[in-house]
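This report concerns only the one structure given below.
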Amino acid sequence: MIDDQTLSNVWAPRLLAALRIISALLFLEHGLVKVLGFPPGAAPGAQALTSFFGIAGLLETVGGVLLLIGLFTRPVAFLMAGEMAVGYFTVHAPASFYPAVNGGDAAILFCFVFLYLAAAGPGAWSMDEMRADKAGG
């Protein structure tokens with residue numbers, strides 16, 4: 001049986017890292033669709049880099065990579081949460097009030113996961129953690 005102390009001290013940072021890594025991989029996929037058109041057939045497909053969707057794709061690609069490796073996690077997560085809020089209210093919300101209808105479920109979920117990461121930090125297995133260990137020791 002795992003006690004509360006072990007769960008908090010050992011597993012919470014690892015599960016936070018898993019949330020960061022999986023969210024970053026999914027987010028990176030959204031950016032790669034807009035920047036490179038990968039995977040083929042995914043909407044909206046490759047976009048002009050100077051367009052609204054192209055700039056969003058660049059932010060999502062760079063932000064996704066930084067979150068994946070856990071580098072500058074708090075500020076990057078905060079910026080990506082803002083990008084998702086803007087994306088939701090400019091692209092999804094005008095289509096319908098209901099996220100199940102307007103397709104904005106992922107944008108809302110990413111927004112709040114990134115807000116959580118901005119507050120909680122990267123968890124284990126991050127470049128931020130390695131930088132802090134190096135600076136402290």
Derivation and outcome, side chain to side chain contact (heavy atoms under 4.5 Å, CB included), residues Thr90 and Phe52: CA-CA 10 Å; Thr90 59; Phe52 180 77; 3.4 Å; yes

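- Expressed to the nearest 0.5 Å, how far CG of Leu49 lies from OG of Ser51 amounts to 7.5 Å.
- For the ring-ring contact (aromatic ring centres under 6.0 Å, His included) condition, no pair includes a residue of residues 59-83, sequence neighbours left out.
- Counting only residues at least two apart or in different chains, side chain to side chain donor-acceptor pair (under 3.5 Å) contacts with residues 107-128 comprise Thr73-Asp128, Asp128-Arg131.
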Listed pairs under 3.5 Å, donor-acceptor, residues 29-42 side chains, sequence neighbours left out:
unit_1: Lys34; atom_1: NZ; unit_2: Glu60; atom_2: OE1; d: 2.7
unit_1: Lys34; atom_1: NZ; unit_2: Glu60; atom_2: OE2; d: 3.4

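- The cluster map of Ile, Leu, Val, Met, Phe, Trp and Tyr, joined by side-chain heavy atoms under 4.5 Å apart, puts Phe114 and Leu66 in the same cluster.
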Show me the side-chain donor-acceptor pairs of residues 94-104 shorter than 3.5 Å, one per line, residues at least two apart or across chains.
unit_1: Ser96; atom_1: OG; unit_2: Tyr98; atom_2: N; d: 3.2
unit_1: Asn102; atom_1: OD1; unit_2: Gly104; atom_2: N; d: 2.7
unit_1: Asn102; atom_1: ND2; unit_2: Tyr88; atom_2: OH; d: 3.1
unit_1: Asn102; atom_1: ND2; unit_2: His92; atom_2: O; d: 3.4
unit_1: Asn102; atom_1: ND2; unit_2: Ser96; atom_2: O; d: 2.8

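- Across all their heavy atoms, Gly54 and Gln47 have their closest contact at N-CB, 3.9 Å.
- Taking hydrophobic clusters as Ile, Leu, Val, Met, Phe, Trp and Tyr residues chained together by side-chain heavy-atom distances below 4.5 Å, Leu79 does not share a cluster with Leu28.
- Ile55 and Val62 end up in the same hydrophobic cluster when Ile, Leu, Val, Met, Phe, Trp and Tyr side chains are linked at under 4.5 Å.
- Taking every heavy atom of both residues into account, Arg20 and Leu67 meet most closely at NH1-O, 2.9 Å.
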Intermediate values then yes/no, side chain to side chain contact (heavy atoms under 4.5 Å, CB included), Leu68 and Ile21: CA-CA 5 Å; Leu68 178 64; Ile21 291 165; 3.8 Å; yes

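- Taken together through direct or relayed side-chain contacts under 4.5 Å among Ile, Leu, Val, Met, Phe, Trp and Tyr, Leu26 and Leu115 form parts of separate hydrophobic clusters.
- Smallest separation of non-hydrogen atoms from Ala77 and Ala118: CB-N, 3.8 Å.
- In this structure, the side chains of Met80 and Phe110 stay at 4.5 Å or more apart for every pair of heavy atoms.
- Judged purely by atom type and a 3.5 angstrom limit, Thr61 has no side-chain atom pairing as donor or acceptor with the backbone of Leu58.
- The two residues Ala124 and Ala17 make their nearest non-hydrogen contact at O-CB, 3.0 Å.
- Under a hydrophobic clustering in which Ile, Leu, Val, Met, Phe, Trp and Tyr are joined whenever their side-chain heavy atoms come within less than 4.5 Å, directly or via other members, Leu19 and Leu7 fall into different clusters.
- For residues 115-127, the set of pairs meeting the salt bridge (Lys or Arg N to Asp or Glu O under 4.0 Å) definition, not counting sequence neighbours, is empty.
- Atom CD1 of Ile2 is separated from atom CH2 of Trp11 by 6.5 Å, given to the nearest 0.5 angstrom.
- Between Pro13 and Ser8, the shortest heavy-atom distance links the atoms CD-O, 3.6 Å.
- More than 12 heavy atoms of other residues, nucleotides or ligands shown are found within 6.0 angstrom of CG on Asp3.
- Residues passing the salt bridge (charged side-chain N to carboxylate O under 4.0 Å, His left out) test with Arg14, sequence neighbours excluded: none.
- Scanning all heavy atoms of the two residues, the minimum distance from Leu117 to Leu16 falls at CD2-CD1, 3.6 Å.
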Evaluation steps, side chain to side chain contact (heavy atoms under 4.5 Å, CB included), between Phe27 and Met84: CA-CA 10 Å; Phe27 196 61; Met84 287 292 91; 3.7 Å; yes

